[in-house]
Amino acid sequence: MATVELRFSAQPEHVRTARLVAAAVARRAGVDEAVLDEVRLAVGEACSRAVGLHRSHGITAPVTVVLIEDEKSFAIEVGDEVPGPGADGSVPGVSGRHDAAPGVGPDEPEPDADGDGEDEMGLAVISGLVDDVEVRSGADGGVIRMSWPKTPVTVLP
């Protein structure tokens with residue numbers, strides 16, 4: 001099993017590099033040429049989502065992209081370090097203050113309704129591009145895992 005790990009600062013200009021690296025490693029791993037555009041688009045969408053989450057939450061840690069090749073498939077995991085809803089033991093959307101609307105107060109920013117919509121749209125695009133996708137979120141952050149079958153190598157007699 002071969003693995004390549006890419007880490008980049010949460011800047012939109014680095015997403016293109018991640019897409020190019022993912023497509024190159026997928027090609028070398030034996031992913032069908034017809035699927036490489038889907039790989040490139042899905043990785044771009046997942047990385048853009050991770051960059052947006054890092055920037056909106058003020059996280060300076062890098063975004064991680066892990067490219068995993070095994071015998072029959074090629075997988076990509078795009079990770080962020082934004083804790084998932086309720087990861088701190090709180091109920092999502094409810095702040096510790098009870099005298100104001102949830103998540104709104106003098107020291108708390110307005111909830112970003114547009115950010116949630118963009119996040120959901122990005123996940124929908126990824127789901128449309130990749131048959132095998134898994135989204136996980138926890139206290140240490142989130143991971144989008146996407147995988148594609150490898151093209152079987154034909155042995156000529």
[Y] reachable from [X] in the ILVMFWY side-chain graph, under 4.5 Å edges:
X      : Y      : result
Leu41  : Val133 : yes
Val39  : Val125 : yes
Val43  : Leu129 : yes
Val15  : Met146 : yes
Ile126 : Val35  : yes

With the threshold set at 4.0 Å, does a side-chain nitrogen-carboxylate oxygen contact exist between [X] and [Y]?
X     : Y      : result
Glu71 : Lys150 : no
Glu38 : Arg40  : no
Glu77 : Arg145 : yes

Distance-minimising heavy-atom pair for [X] and [Y]:
X     : Y      : value
Asp70 : Ser73  : OD1-N, 2.8 Å
Ala50 : Asp80  : CB-CB, 4.0 Å
Pro62 : Arg7   : CG-NH2, 3.2 Å
Ala26 : Leu36  : CB-CD2, 3.7 Å
Ala46 : Ile144 : CB-CD1, 4.1 Å
Pro83 : Ala139 : CB-O, 3.7 Å

Close side-chain approach of [X] and [Y], heavy atoms under 4.5 Å:
X      : Y      : result
Gln11  : Val51  : no
Phe8   : Cys47  : yes
Val130 : Trp148 : yes

What's the spacing between [X] [atom1] and [Y] [atom2] if we round to 0.5 Å?
X     : Y      : atom1 : atom2 : value
Glu45 : Met121 : CD    : CE    : 9.0 Å
Phe74 : Arg28  : CZ    : CZ    : 8.0 Å
Leu53 : Arg55  : CG    : CZ    : 12.0 Å
Lys72 : Ser147 : NZ    : OG    : 13.5 Å

**Request:** For side chain to side chain contact (heavy atoms under 4.5 Å, CB included), just list the numbers for Ser9 and His14, CA-CA rounded to whole Å, side-chain angles, deciding distance to a tenth of an Å, and then say yes or no.
**Result:** CA-CA 7 Å; Ser9 59; His14 297 308; 3.2 Å; yes
**Message:** Testing Leu6, Val25, Val4 one by one against Val65 for a side chain to side chain contact (heavy atoms under 4.5 Å, CB included), which residue passes?
**Reply:**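 Only one option passes, and that is Leu6.
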**Request:** Among Val63, Val143, Thr64, find the residue that satisfies the side chain to side chain contact (heavy atoms under 4.5 Å, CB included) test when tested with Val78.
**Result:**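 The single option meeting the side chain to side chain contact (heavy atoms under 4.5 Å, CB included) with Val78 is Val63.
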**Prompt:** After noting the C-alpha distance and the side-chain angles of Thr3 and Leu67, does the key distance pass the side chain to side chain contact (heavy atoms under 4.5 Å, CB included) rule?
**Reply:** CA-CA 6 Å; Thr3 301; Leu67 308 141; over 6 Å; no
**Request:** Could you walk me through whether Glu81 and His57 pass the side chain to side chain contact (heavy atoms under 4.5 Å, CB included) test, one step at a time?
**Result:** CA-CA 10 Å; Glu81 294 199 13; His57 288 83; over 6 Å; no
